[in-house]
Amino acid sequence: MKELLLKAENISKHFPVKESMLRKSKSKVHALDKVNLSIYREEIVGVVGESGCGKSTLARVICRLIEPTEGSIEFDGVRLEQLGKKQMRDMRRHMQLVFQDPFSSLNPRKKVRQIIAEPLDIYSVGTRSERNKRVDELLEVVGLSAGHAERYPHEFSGGQRQRIGIARALALKPKLLICDEPVSALDVSVQAQILNLLQDLQQQFGLSYMFIAHGLDVIRHISDRIAVMYLGKLVEMGTSDAIFNRPKHPYTQALISAIPVPDPVRRQVAVALAGEIPSPIDPPSGCRFHTRCPFAADTCRTVEPELRVGGDGHSVACHLAEL
Amino acid sequence: ACSSAGNSTAPSASKPADSGKAAETKPAETKPADSKPAEAPKAGGTLKVALNSEPTTLNPYIFPANNDRNVFLQVFNSLMEYDPKTLQPVPSLIKEAKASDDGLTYTLKVQEGVIFHNGKKLTANDIKYSLEKAMAPEASRTAALLKSIKEIKADNDTQLTVTLNNRDNLLLDSFIEVFVTPNDPSIDQAKSPVGTGPFKFVSWNRNEKVVLKKNDTYWKQGLPKLDGIEFMPVPDAEVKLLQLINGQVDFIDIVPTTKIEQVSNNANLQIAKMPEEAAIQDHFLLFNTTKAPFNNVKFRQAVNYALDREKMKKALFGNFVVRASAIPEKHESYNPDSPKYAKDVEKAKALLKESGYNGEKLGMVYLKLDMMYEIVAQITEQSLKDAGISIDMKGLEVAQWTDSVYQKKAFDMAITGITPKPNPVDMLNHAYGKINGGAIQWSNQAWYDNLLKVSQMSPSDGKKALFDLQKQVLDESPAIIVGGLVQLPALSKKVQGFVPNPQSKFYFEAVTKQ
Amino acid sequence: MKHVLKDTAAVASLLIFAVIVLLAVLAPVITPYRYDEIQEAPLLGPSAAYLFGTDEIGRDIFTRIVYAGRVSLLVGVCSTLIAMAFGISLGLISGYYGGKTDVLVSRFLDGLLAFPSIILALAVMAVLGPDIYNAMIAIGIVSIPVFARITRGSVLTVKTREFVEASRSMGAGDIRIMLREILPNCLSPILVQFSLTFASAVLIEAALSFLGLGVQPPTPSWGSMLNSGRSYLTQAPQYSLIAGAAVFLTVLCLNLLGDSLRDIFDPRETRKR
Amino acid sequence: MNEPLLKVEQLTIGYASKRERVDILKNIGFTVGHGETLGIVGESGCGKSLTSLAVMGLLADPLKVQAGAIRYGDTDLAALSKKQMNRFRGKQISMIFQEPMTSLNPVFTIGDQIGEAIRTHLDTPKAEVEGQVADLLKLVGIPSPEKRIRDYPHQLSGGMRQRAMIAMALSCRPKLLIADEPTTALDVTIQAQILGLLHDIRQKTNMSMMFITHDLGVLSQMADRIIVMYGGRIVETADMRSLFEQPLHPYTQGLWKAIPGKSQAKQRLYNIPGTVPDPRDKTPGCRFASRCPHAELSCRESEPPLLPAAAEHEVACFLYAEKGGGRYEGAAAQS
Amino acid sequence: MLQLILKKVAELLTVLLFVSLIVFFTFRLLPGDPAQMRLGLNPTPEALAALKAEMGLDKPLVVQYVDWIGHVLTGNLGKSALDDKSVVSLLAAKIPNTFELAIFGTAVALLLAVPAGVLASVYKHSWTDRLLRTVSLFGFSIPAYWLAVLLMLLLAYKFQLLPAGGFVPWSEDPWLHVKSLALPVVTVGIVNAAQVFRFLRAGMLEVIGQDYIRTARAKGISEFYVIFKHVARNALPGLITVIALNFSLLLSGMVVTEQIFAWPGLGWLMIQSILARDYDVVQGAVLVSALIIVIINLLGDLLNAALDPRIKYNG
Ligand SMILES: Nc1ncnc2c1ncn2[C@@H]1O[C@H](COP(=O)(O)OP(=O)(O)OP(=O)(O)O)[C@@H](O)[C@H]1O
Ligand SMILES: Nc1ncnc2c1ncn2[C@@H]1O[C@H](COP(=O)(O)OP(=O)(O)OP(=O)(O)O)[C@@H](O)[C@H]1O
Ligand SMILES: [Mg+2]
Ligand SMILES: [Mg+2]
């Protein structure tokens with residue numbers, strides 16, 4: 001087994017709800033509830049789940065852009081929550097983010113050179129000319145040319161912008177790249193370009209990825225291991241192969257069957273799950289999935305299932321699932 | 001001053017009707033058609049008067065602005081009044097004032113049949129009370145004038161005796177400023193005044209109007225002729241004039257100087273013109289004589305020579321009197337030998353050089369009451385600039401003016417206007433004496449003492465002394481008369497019987513409206 | 001700027017405004033007299049010697065109008081800059097930090113807004129004393145809330161954009177984020193507001209001078225000329241009309257400019273181009 | 001084959017500015033038969049939405065139908081005035097939009113909004129409108145519709161709103177329903193629900209449908225026939241099955257190959273190099289030529305017409321051109 | 001809703017606190033004070049000191065402020081230094097007059113601006129739109145007081161149709177009252193029509209660009225219906241906000257208008273009191289006018305909240 005890079009334990013994040021105008025109400029958005037996640041070196045961990053299940057929150061908590069309500073994060077052997085503000089900023093060099101929206105993640109008022117050089121500027125890496133050289137290199141790495149450096153983001157297509165975002169993330173030679181739905185906003189053909197690029201980079205630099213997506217096909221394509229989330233909880237985690245071929249949690253099963261497969265022969269619309277996603281403000285008691293689960297039993301309604309780890313490292317949080 | 005003193009020793013016991021008649025017979029310089037009292041004897045009606053700003057108070061003892069006076073003037077009578085023609089004091093609520101031979105004791109007879117608006121009969125006690133009110137230290141307008149009074153005694157209901165510390169030929173002049181209120185401190189004269197005047201106070205709505213109505217039991221027979229008066233504040237001079245033209249109001253306190261011609265040409269309007277010698281208001285330039293270069297007489301003379309008074313007259317369409325003297329040239333007390341300070345830039349420059357002034361920037365503030373003040377200030381500034389004095393000018397509103405010029409004395413030069421009473425002592429005193437807010441810091445105490453003594457002298461000595469005093473201040477120029485200020489009211493031709501009084505006082509008791 | 005040139009109204013207003021500015025700048029060169037020089041007679045009609053006639057004291061109105069432009073434009077620019085400096089800072093701080101800071105700043109601005117603006121300007125002027133610099137400060141203070149609100153509004157939207165988070169994730173500090181990431185993206189509405197506030201500053205200056213609190217005579221400003229001139233509307237109508245037209249034209253140009261700037265910066269409009 | 005329900009001929013849409021005329025869609029032609037579902041697929045910005053908006057007569061301001069006809073029965077919709085168009089919109093043809101969050105008016109209840117079309121087009125008595133709306137809500141699977149009628153859009157989840165939109169579109173029993181990416185904004189499981197719903201409705205009502213998407217998986221489940229668009233042109237059209245089994249156009253082929261799910265995990269994906277051309281780009285030739293692996297000189301000189309290449313299969317590519325012939329032959333063998 | 005109101009009231013009090021601080025301390029910095037003004041040109045120092053002591057002006061500023069706020073909280077705004085009238089009674093007399101101008105001014109503005117705004121936004125970029133926008137820009141750029149003078153010259157002097165300023169109470173002569181109201185109202189109305197128009201047009205255009213308007217059109221309902229139901233209802237909150245904002249600007253912008261037209265309202269009272277250093281009146285007037293402004297904006301907000309189904313307040 002490879003060396004552990006990141007270990008997040010029992011991470012919770014509750015946002016206060018401004019429900020009434022005068023006082024903060026006691027109800028909270030349970031964006032994350034006791035989530036455990038580990039990422040090994042040079043591993044790609046995919047995170048899937050429906051919108052609002054807490055994927056982005058998890059990403060932000062991990063690099064401490066927001067403080068978790070509880071839980072601990074160990075990165076590269078260092079307990080992040082024990083770091084001061086300044087130390088944390090230094091730590092962040094090693095974990096960089098790639099964002100979902102290539103249109104809003106680049107400052108439209110800056111030239112590409114300034115955008116990519118920003119992390120270098122912040123940490124005052126090298127001299128000006130060294131930084132410029134590094135920017136040119138990075139552009140090259142992500143498949144753009146140095147000539148693009150003097151242009152503004154709006155002159156680029158979505159795929160190209162995503163490349164710029166990736167180049168920026170790579171500037172400080174991070175160990176972990178957190179990609180928050182980096183291809184969701186892209187067309188299929190461009191998506192393929194970016195996925196290829198990310199794969200190449202991972203091999204080239206020995207990076208680790210936390211890769212968030214809501215498209216299962218993408219996750220399946222890129223991930224070594226996959227974490228499935230539902231309403232702030234991690235419900236299942238296992239190797240890509242295990243998740244897709246032997247899904248244990250009913251939600252994962254539904255998710256997989258709901259993917260519209262471009263197969264002209266097997267043409268039936270599978271209505272996998274009935275009902276709407278409950279609100280994270282007052283998540284259902286017991287198993288959060290019980291409201292939509294076709295197999296829900298009484299215990300599911302009252303007792304919250306623990307995440308149980310099976311022999312092959314395949315873990316699942318379901319009372320009914322067999323390990 | 002001496003003549004008025006002479007007059008007062010033998011006051012013609014003029015009947016109340018007289019003063020009314022005097023007003024009717026010759027409204028100065030109005031067209032002859034107006035002076036036919038027979039045609040409009042019974043006219044009642046309400047006179048609408050637009051004022052620049054409304055009175056700040058109706059208290060006749062303590063009031064900050066001259067403008068305040070014209071409203072309570074209708075509600076009260078003073079002890080004496082000016083005859084608008086002769087400019088001499090004539091009886092009002094004092095029927096008769098007799099001075100002892102040494103001039104130290106005055107016996108005052110109270111006008112009979114006078115009833116206050118609250119129904120109380122006027123007695124000597126009320127007059128004593130009023131005099132004492134006017135002598136109180138906070139009555140800044142009158143206290144200084146009545147300084148010579150030692151004691152007031154009400155002999156009976158109709159007679160008082162006033163004893164003086166010293167002879168005071170101007171006492172009766174000063175009585176013109178003393179208004180009579182009932183001997184009753186519980187009345188709030190500031191808000192709802194009670195007097196003996198031709199009109200009774202009805203109501204005062206801030207920024208709307210002050211309403212007065214006819215006093216049916218007025219002691220002057222047949223007066224007042226109007227049913228009532230409404231005073232309305234209209235701050236904008238143009239609008240005020242438009243309202244007069246439109247007929248919304250019958251009378252406005254000041255015609256913008258530049259519009260005098262236009263109003264004169266309007267068939268429905270008239271301007272209440274005054275002879276020049278009665279227009280004894282002046283634009284007035286103060287120096288802060290404690291500071292260089294103003295402590296240098298040469299510098300001050302230079303300023304006096306530099307002033308282009310003719311230009312001011314031109315800019316004000318002729319409604320400006322070119323003079324450097326506080327006493328009008330036609331006045332018998334005017335000293336023809338005193339310097340005239342006709343514009344002479346060369347001389348001014350020479351004097352400046354001698355004074356050692358080396359071009360430093362000097363401040364000049366002016367009281368910003370209306371456009372005329374601003375025009376005069378600007379031409380003054382230009383004149384001084386032409387002579388080589390560099391000036392930084394600022395207009396001040398009244399509160400700032402009072403604070404920085406009178407209270408803190410934080411100024412270099414200051415331009416304002418003065419309205420003395422029509423007697424030569426007051427003319428000089430107002431300008432150069434301590435009266436002007438004490439702003440003059442000219443340290444010639446001897447001159448001031450001499451001026452105060454004038455009213456204690458015989459007429460001929462007094463005249464001689466005035467000649468000397470005049471010449472002295474003009475030579476020294478501790479402050480400068482910039483020129484005669486002409487402020488004229490205008491009225492609709494429907495209004496008849498208005499006689500302009502000195503000091504911009506409006507008396508409406510004899511006025512009629514068709 | 002390229003887009004401005006496509007818009008005829010904007011071009012025209014830009015040109016006229018440039019001419020006005022040029023006239024003001026070149027005042028000593030192009031005017032035949034000194035602005036405080038008294039000529040032969042007051043209220044002369046227009047003539048070859050006096051293009052727009054003379055004023056109530058006999059000074060050349062043309063000369064004074066041109067000089068007045070200097071004052072009015074200077075007051076306009078400086079007060080707008082003052083308002084901008086404070087308004088933007090306040091808006092940035094309250095929008096970026098949010099929470100209690102935001103509440104406090106916003107209430108303070110509401111307080112300024114609820115204060116009758118002329119009265120506020122009047123008070124400031126009266127305290128500082130009437131002169132041109134104090135007029136700038138007074139008008140500047142009065143205009144702070146507009147800038148603060150606009151800045152705060154755009155900060156609130158800009159700060160949710162991902163590049164701000166990106167910058168933070170790279171370790172940028174608050175000041176850097178505010179100045180380098182957020183502010184540049186809030187500039188377009190601020191720029192639009194610049195011209196609009198400039199316009200209103202010219203108007204407030206005129207109103208202050210109208211009330212006698214602006215620039216002191218003999219220095220001319222459009223407001224004070226407007227005020228003096230209207231006393232002679234029947235005798236010398238050109239006096240007030242010219243002064244009014246100067247204010248009106250300048251303000252109109254600035255408003256037009258602001259308008260087309262707004263159109264240009266409006267994302268919906270640009271997308272179609 | 002009997003008359004199709006909708007027949008679009010040589011449709012060109014663009015805008016004219018002072019300097020130039022830009023055609024965003026050029027010479028689009030297709031038909032929608034009775035009861036048929038036509039799928040439209042293509043990259044973002046290729047003109048899918050414009051096509052549907054043109055049919056609805058809802059093109060936004062500078063855009064206009066520059067040429068061509070949209071025949072609905074005997075009527076050319078493109079030639080109708082706004083007022084005349086209103087008789088078709090919502091009644092004969094209706095539309096579901098992509099964004100369920102912003103496509104409903106936030107200040108009116110959904111009952112009101114759904115009932116609007118009924119009140120406008122049908123002479124249902126006022127009292128019955130509400131009942132009909134409730135029926136519609138039930139039809140689209142919204143529980144306790146009587147209560148939901150009085151809800152405002154913000155009180156519904158995304159999926160529910162999209163259902164409400166569908167109910168609105170169905171309210172006058174239109175003959176043609178245009179669905180412009182109706183599930184893109186939704187989660188997979190909810191998407192499956194909505195697709196199932198549309199499927200059922202289509203089966204129940206024999207309604208024709210234009211289904212726009214860029215998700216090939218969705219397309220395979222919904223469409224009978226598919227047109228593939230690229231850069232404002234139709235590059236290929238075929239029935240669903242043959243298109244999936246034998247895509248002809250290099251663009252279609254690239255698109256198919258780029259889907260990650262199909263290839264083996266961790267392997268490199270196929271991708272089409274380059275980017276979509278700008279509509280203002282007036283370079284002659286095939287719009288896809290710059291990205292096409294098979295591009296030849298001729299491809300850069302003139303645009304290939306859309307011609308039949310096999311049964312029920314048309315393609316616009318010179319690869320399949322037979323000199324002089326009016327059709328592309330032997331295409332099936334090529335792929 | 002109740003909680004919203006409570007929160008807004010708390011906000012309002014903070015705003016008023018700021019206003020009270022600003023007004024109190026700025027005006028104390030002005031040269032001159034009410035005692036001086038009351039005593040006129042040449043008071044003796046003793047008399048001045050005595051009056052100052054009587055008026056409480058000799059205490060430290062902070063104490064004076066606390067005293068004043070203490071009174072204000074009990075509803076006592078003090079009294080005029082000029083005539084000892086209570087500030088409350090003065091305000092009670094003047095505020096209705098100002099309100100009258102503001103209300104009718106707003107009415108005139110709406111009458112002009114609403115149809116114009118709807119036309120301009122519906123026929124965006126047409127010549128109607130361009131014409132209306134140009135006209136509105138003119139209205140926007142003309143100095144209000146200058147407009148006032150021109151109107152007066154024209155209507156009161158040339159044609160003598162209307163009185164040149166002045167105020168006639170309704171109780172005295174209703175017809176004259178209306179006539180005296182006409183000029184100031186028109187002046188105020190024209191200037192504000194321009195602003196309301198511009199906001200309304202922008203607001204309408206914003207709404208017209210929304211997806212849900214496209215949805216409405218897709219239903220085949222008539223354009224008239226689309227505009228007057230779907231667009232209007234969504235543009236209304238914006239309009240309400242603008243009206244509230246403008247109304248409050250009107251109240252505080254009335255200073256010059258009231259002076260020119262000799263209209264006895266709040267603005268004139270403020271100016272007069274500032275000139276006379278009548279502290280209590282200035283402070284009271286500014287505070288009350290700020291209160292009115294804040295309340296009007298608050299009412300606008302509440303009305304909008306009530307109109308917006310998205311805002312649901314439990315409480
Ligand atoms: N700053 C915040 N304040 C309050 N609630 C928040 C905040 N950020 C996120 N949430 C809530 O937390 C929950 C999880 O949000 P998160 O953005 O992590 O979801 P996600 O899985 O990334 O969804 P998506 O796929 O839409 O990006 C959501 O219900 C969201 O509304
Ligand atoms: N109002 C407009 N003015 C000018 N061009 C426009 C306008 N609306 C759309 N376009 C252009 O028309 C082209 C096609 O747009 P359309 O919305 O039909 O694309 P689409 O295929 O629906 O894309 P998506 O998958 O992103 O919805 C795009 O290039 C777009 O930039
Ligand atoms: Mg997310
Ligand atoms: Mg689309």
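Every chain is numbered from 1 and lettered A, B, ... according to where its sequence line falls, protein lines coming before strand lines.
- A heavy-atom distance below 4.5 Å is found between the side chains of A:Leu255 and D:Val188.
- Put simply, the side chain of D:Ser157 does not reach to within 4.5 Å of the side chain of A:Ile277, judged on heavy atoms.
- Contact annotation for D:Pro143: neither backbone nor side-chain heavy atoms come within less than 4.5 Å of a heavy atom of chain A.
- For a residue to count as touching a neighbouring chain, one of its non-hydrogen atoms must lie under 4.5 Å from one of that chain's; by this rule A:Ser157 touches chain D with the side chain only.
- Contact annotation: the side chain of D:Leu269 approaches that of A:His221 to within less than 4.5 Å [non-hydrogen atoms, C-beta and beyond].
- Taking all atoms of both residues into account, the shortest heavy-atom contact from D:Glu43 to A:Val190 is OE2-CG2, 4.3 Å.
- Of all heavy-atom pairs between A:Val188 and D:His214, the closest is CG2-O, 4.0 Å.
- Using a 4.5 Å heavy-atom threshold, the side chains of D:Asn271 and A:Ser189 count as separate.
- With chain D as partner, the option from A:Glu276, A:Gln160, A:Arg292 having the largest number of non-hydrogen pairs under 4.5 angstrom is A:Glu276.
- Proximity to chain D (any heavy atom under 4.5 Å) is restricted, for A:Asp200, to the side chain, taken from C-beta onward.
- A side-chain donor-acceptor contact under 3.5 Å links A:Asp187 to the backbone of D:Ser44.
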